[in-house]
**Q** 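Could you have a look at this structure, given as structure tokens, before my questions?
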Amino acid sequence: MTYDLGLKDKQSLLDCRYLEMAHVWAQNSYCVRRKVGALLVKEKMIISDGYNGTPSGFENVCENEDGLTKPYVLHAEANAITKVAKSHNSSDGATLYVTSSPCVECAKLIIQAGIKRVVYCDEYHNTDGLELLKRANIEIKRYNMSVEKK
């Protein structure tokens, strides 16, 4: 899978490459309704990753019998942020690449984690998270990527 956005500047090219990796990482999710992937990058190094799913030790089933997401399913951003918190790395000043824009709960985690930039593709159905990030002066960049299969 490649993205052809006609990009020329190096940062935009890097952004798209990291988003492509986040899309690949999203495929690890057991969720049926929506698969979301996230990467935390600092100084051009991936310091953490995550995808949406159930907490460690839970069954890998994200939806209930009615097809609704179970309330304890973690978002990709939350998984990436908690994973870096358990490591010896710091997310202070990092960029979060995520396949879907953050919800308001994840936006709060992003702010508290010191993440300074969020790059995403798809817009979440509720944009309150983006509004909160803007209020916190976090840089937000959206790439509307059309996927070309090769």
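By convention here, the first residue in the shown sequence is residue 1. The basis for the numbers below is simple: all heavy atoms, side chains too, and nothing from hydrogens, waters or symmetry mates.
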**Q** Are Val41 and Tyr143 connected in a single hydrophobic cluster, I mean Ile/Leu/Val/Met/Phe/Trp/Tyr linked by side-chain heavy atoms less than 4.5 Å apart?
**A**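 Tyr143 and Val41: one cluster.
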
**Q** Does Val32 reach the side chain of Cys62, with side-chain heavy atoms less than 4.5 Å apart?
**A**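 Val32 vs Cys62: side chains apart.
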
**Q** What's the spacing between Thr127 OG1 and Leu132 CG if we round to 0.5 Å?
**A** 11.5 Å

**Q** Please check: side-chain N/O of Ser91 versus main-chain N/O of Ala113, any donor-acceptor pairing under 3.5 Å?
**A** yes

**Q** Between the main-chain N or O of Gly37 and the side-chain N or O of Thr99, is there a donor-acceptor pair closer than 3.5 Å?
**A**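 Side chain of Thr99 to backbone of Gly37, a donor-acceptor pair under 3.5 Å: yes, one is there.
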
**Q** Can you give me the closest heavy-atom contact between Ser90 and Ile47, atom names plus distance?
**A** O-CD1, 3.5 Å

**Q** In chain order, what residues pass the side chain to side chain contact (heavy atoms under 4.5 Å, CB included) check against Leu109, with sequence neighbours excluded?
**A**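 With neighbours one apart ignored, the set is Ala78, Ile81.
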
**Q** For atom CD of Gln112, decide whether the heavy atoms of other residues, nucleotides or ligands shown that lie under 6.0 angstrom number more than 12.
**A** no

**Q** Please check if Tyr30 and Val73 belong to a single hydrophobic cluster, counting links between Ile, Leu, Val, Met, Phe, Trp and Tyr side chain heavy atoms closer than 4.5 Å.
**A**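 The answer is no; the residues belong to distinct hydrophobic clusters.
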
**Q** Please list all pairs passing the salt bridge (charged side-chain N to carboxylate O under 4.0 Å, His left out) test where one or both residues lie in residues 82-103, with sequence neighbours left out.
**A** Asp49-Lys83

**Q** List the residues meeting side chain to side chain contact (heavy atoms under 4.5 Å, CB included) with Thr95, not counting sequence neighbours, and say none if there are none.
**A**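 Scan of Thr95 (side chain to side chain contact (heavy atoms under 4.5 Å, CB included), adjacent residues dropped) gives Tyr97, Arg117, Val119.
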
**Q** With Arg33, which residues qualify under side chain to side chain contact (heavy atoms under 4.5 Å, CB included), at least two apart?
**A** Glu63, Leu68, Thr69

**Q** Quick one: does any side-chain atom of Ser48 pair with a main-chain N or O of Ala80 as donor and acceptor, under 3.5 Å?
**A**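 Answer holds: yes.
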
**Q** Restricting to salt bridge (Lys or Arg N to Asp or Glu O under 4.0 Å), what partner residues turn up for Glu59, sequence neighbours left out?
**A** Lys70

**Q** Taking side chain to side chain donor-acceptor pair (under 3.5 Å) as the definition, give me every residue that meets it alongside Asn79, ordered by chain and number, with sequence neighbours left out.
**A** none

**Q** Using the rule that two of Ile, Leu, Val, Met, Phe, Trp, Tyr join whenever any of their side-chain heavy atoms come within less than 4.5 Å, decide whether Val104 and Val118 are in one cluster.
**A**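 Linked, Val104 and Val118 end up in one cluster.
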
**Q** Taking all non-hydrogen atoms of both residues into account, name the closest pair between Lys116 and Gly93 and its distance.
**A** CG-CA, 3.6 Å

**Q** Please report the shortest heavy-atom distance between Cys31 and Ser29, naming the atom on each side.
**A**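 Closest pair (atom of Cys31, atom of Ser29, distance): N-OG, 3.0 Å.
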
**Q** Is it possible for you to say whether Leu96 and Ile46 belong to one hydrophobic cluster, with membership spreading through side-chain heavy-atom contacts below 4.5 Å?
**A**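 Not linked; separate clusters.
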
**Q** Between Glu131 and Lys134 (salt bridge meaning N to carboxylate O under 4.0 Å), is one present in this structure?
**A**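 Salt bridge between Glu131 and Lys134, a charged N being under 4.0 Å from a carboxylate O: yes.
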
**Q** According to ring pair (Phe, Tyr, Trp, His ring centres under 6.0 Å), does anything in residues 103-130 pair up with another residue at least two apart or in another chain? List the pairs.
**A**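 Not a single pair qualifies under ring pair (Phe, Tyr, Trp, His ring centres under 6.0 Å).
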
**Q** With a cut-off of 6.0 Å (strictly less than), are more than 12 heavy atoms of other residues, nucleotides or ligands near CD of Glu43?
**A** no

**Q** Would you please name every residue forming a side chain to side chain contact (heavy atoms under 4.5 Å, CB included) with Ala136, sequence neighbours left out?
**A** Ile111, Ile138

**Q** Who pairs with Arg34 by salt bridge (Lys or Arg N to Asp or Glu O under 4.0 Å), at least two apart in sequence or on another chain?
**A** none

**Q** Can you list every ring pair (Phe, Tyr, Trp, His ring centres under 6.0 Å) pair that touches residues 59-90, not counting sequence neighbours?
**A** Phe58-Tyr72

**Q** For Lys108, enumerate each residue passing the salt bridge (Lys or Arg N to Asp or Glu O under 4.0 Å) test, keeping only those at least two apart in sequence or located in another chain.
**A** Glu105

**Q** Heavy-atom distance under 4.5 Å between the side chains of Cys103 and Glu77, does that happen here?
**A**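 Not in contact.
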
**Q** Do Leu39 and Ile115 share a hydrophobic cluster, counting only Ile, Leu, Val, Met, Phe, Trp and Tyr and linking them when any side-chain heavy atoms are less than 4.5 Å apart?
**A** no

**Q** Would a 4.5 Å heavy-atom cut-off, applied to side chains only, mark Val61 and Thr54 as touching?
**A**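 Heavy-atom side-chain distance check fails, nothing below 4.5 Å.
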
